[in-house]
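So the structure is just underneath, and the comments pick up after that.
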Amino acid sequence: MGRMTELPTKGGFSFDLCTRNDMLLKNGLQMPPFRKTGTTIVGLVFQDGVVLGADTRATEGPIVADKNCEKIHFMAPNIYCCGAGTAADTEAVTDMVSSQLQLHRYATGRESRVVTALTLLKSHLFSYQGHVSAALVLGGFDVTGPHLHTVYPHGSTDTLPFATMGSGSLAAMSVFESKYREGLTREEGIELVAEAICAGIFNDLGSGSNVDVCVITEGKTEYLRNYQLPNPRTYISSKGYTFVKGQTEVLSTKITSIQPKVEAVEGGDAMEE
Amino acid sequence: MSIFEYNGSALVAMVGKNCFAIASDRRLGVQLQTVATDFQRVFKIHDRLYIGLSGLATDAQTMYQKLVFRHKLYQLREERDMKPQTFASLVSALLYEKRFGPFFCQPVIAGLGDNDEPFICTMDCLGAKELAKDFVVSGTASESLYGACESMYKPDMEPEELFETISQALLSSVDRDCLSGWGGYVLLVYAALLTPTEVQEKILKGRMD
């Protein structure tokens with residue numbers, strides 16, 4: 001009974017290891033910590049469009065797993081999305097909706113709208129009842145103007161002029177609440193976003209490293225990766241470690257050369273000759 | 001005790017100049033008892049792509065078998081080997097498919113991409129990719145490995161220096177972890193300009209406690 005070979009599945013989640021994992025949990029083994037993006041993510045609407053910002057630290061429990069990860073994900077040429085929560089969930093859900101938006105663009109022949117991305121995200125997250133732990137700040141500029149939304153893991157959304165999410169959201173929100181006003185210029189918007197992210201970086205332990213900024217305006221998107229680097233490494237020894245060749249004791253060595261693959265050229269001798 | 005600490009493992013991959021190295025420990029244990037001292041954690045996918053799998057050993061072996069299966073299908077369809085970036089996306093997708101009942105393994109992928117550019121990447125057990133330009137670590141000794149690699153790594157190392165650095169980082173880190181160690185295994189792939197690409201596999205002498 002059942003298939004003899006495991007064909008690649010048609011998509012969606014597969015639950016066949018759940019019984020085994022439950023058994024392991026009952027026998028006292030603990031689940032490993034997933035990589036989270038502790039995070040400070042922010043967005044604001046300025047006079048010509050939307051500015052999104054994020055820090056770049058990825059954590060695995062208390063350890064920093066990645067000092068310079070990318071949290072601002074591409075959704076469409078005019079729509080970007082910052083993600084906080086479980087890293088695999090934010091990456092997977094933004095990749096999936098980005099592909100769905102591309103297919104929708106091919107079908108309609110029009111530029112994607114931010115509300116389309118919003119609806120696709122919220123319906124996916126709601127159907128998994130919060131178990132897909134992705135908290136997102138979605139921003140973009142379409143034919144109806146600039147839009148900024150927040151999406152919570154259970155599927156609820158808000159439409160706001162300025163928004164913050166993640167463990168550093170309170171630190172960032174304090175900056176926005178004091179300094180935000182309508183009709184900011186592009187430079188003021190970027191400065192304010194960078195300041196809010198820095199507040200998260202320096203005051204929240206789950207956020208750190210650098211500031212990424214993304215500015216979306218009509219017809220143009222600028223992704224300023226590592227816009228600010230406020231935490232450079234200053235403790236490197238100038239000499240570094242130098243290990244003498246032969247310092248490590250080796251028991252056995254095996255060396256193989258990889259032969260370059262020979263390309264078979266078409267149009268050789270005809271077989272009938 | 002965490003599921004990851006059932007078997008114990010240590011994996012590290014580093015990038016050098018036109019070369020990369022991937023290293024692992026050799027212990028296989030059942031909680032605190034050592035069962036084997038020659039366990040293979042680094043597997044070959046094709047000549048220029050290797051994957052190391054840390055965590056629960058049974059899941060590591062199952063993951064490897066599934067990946068080899070998928071890669072062979074890819075080779076039959078595309079008539080070429082998979083690029084490291086594509087392979088990393090494949091591993092990520094396979095792991096994320098099991099989001100609510102995951103495989104308890106953390107892969108470390110190392111390979112040579114286009115123009116012999118070295119590529120390394122790691123992911124957590126759900127498939128969240130981390131592409132690094134310097135080094136990636138995984139396993140029960142990962143915290144010590146992070147520290148050792150941060151201090152010992154230098155960019156653009158030649159193959160011999162890269163071998164020494166990765167070996168010393170591995171051996172010093174597993175010394176601070178009860179569950180991994182018992183020797184080391186280092187695989188270094190060097191793509192030189194005129195000579196053919198060379199693969200060196202070395203077994204290291206380490207503390208056997």
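Everything numeric in this text was worked out from a predicted model, so none of it was measured. Chain identifiers are assigned alphabetically (A, B, ...) following the order of the sequence lines, protein sequences preceding nucleic acid strands; residue numbering begins at 1 within each chain.
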* Asked: Quick one: which residues of residues 18-26 of chain A reach chain B at under 4.5 angstrom, heavy atoms only?
  -> A/Cys18, A/Arg20, A/Asn21, A/Leu24
* **side chain to side chain contact (heavy atoms under 4.5 Å, CB included) assessment of A/Phe243 paired with B/Met152** => CA-CA 9 Å; A/Phe243 297 109; B/Met152 295 183 192; 3.6 Å; yes
* Compute the centroid of each ring, for B/Tyr96 and then for A/Phe13, and state whether the two points are separated by less than 6.0 Å. => yes
* Asked: Closest approach of B/Tyr146 and A/Val64, non-hydrogen atoms and distance?
  -> CZ-O, 4.0 Å
Tell me, do [X] and [Y] make a side-chain contact under 4.5 Å, heavy atoms counted?
X        : Y        : value
A/Glu60  : B/Gln106 : yes
A/Ile258 : B/Glu198 : no
B/Val199 : A/Lys254 : no

* Sort and list the pairs that fulfil side-chain hydrogen bond (donor to acceptor under 3.5 Å, both in side chains) and have at least one residue in residues 1-11 of chain B, not counting sequence neighbours. => none
* Asked: Of all the residues in residues 200-209 of chain B, which have a heavy atom that comes within less than 4.5 Å of a heavy atom in chain A?
  -> B/Gln200, B/Glu201, B/Lys202, B/Ile203, B/Leu204, B/Lys205
* Using non-hydrogen atoms and a limit below 4.5 Å, what part of residues 159-170 of chain B faces chain A? -> B/Glu160, B/Glu161, B/Phe163, B/Glu164, B/Thr165, B/Ser167, B/Gln168
* Any sub-3.5 Å donor-acceptor pair from B/Lys154's side-chain atoms to A/Tyr241's backbone N or O? -> yes
* **A/Lys67 with B/Glu130: basic N within carboxylate O range, under 4.0 Å** => no
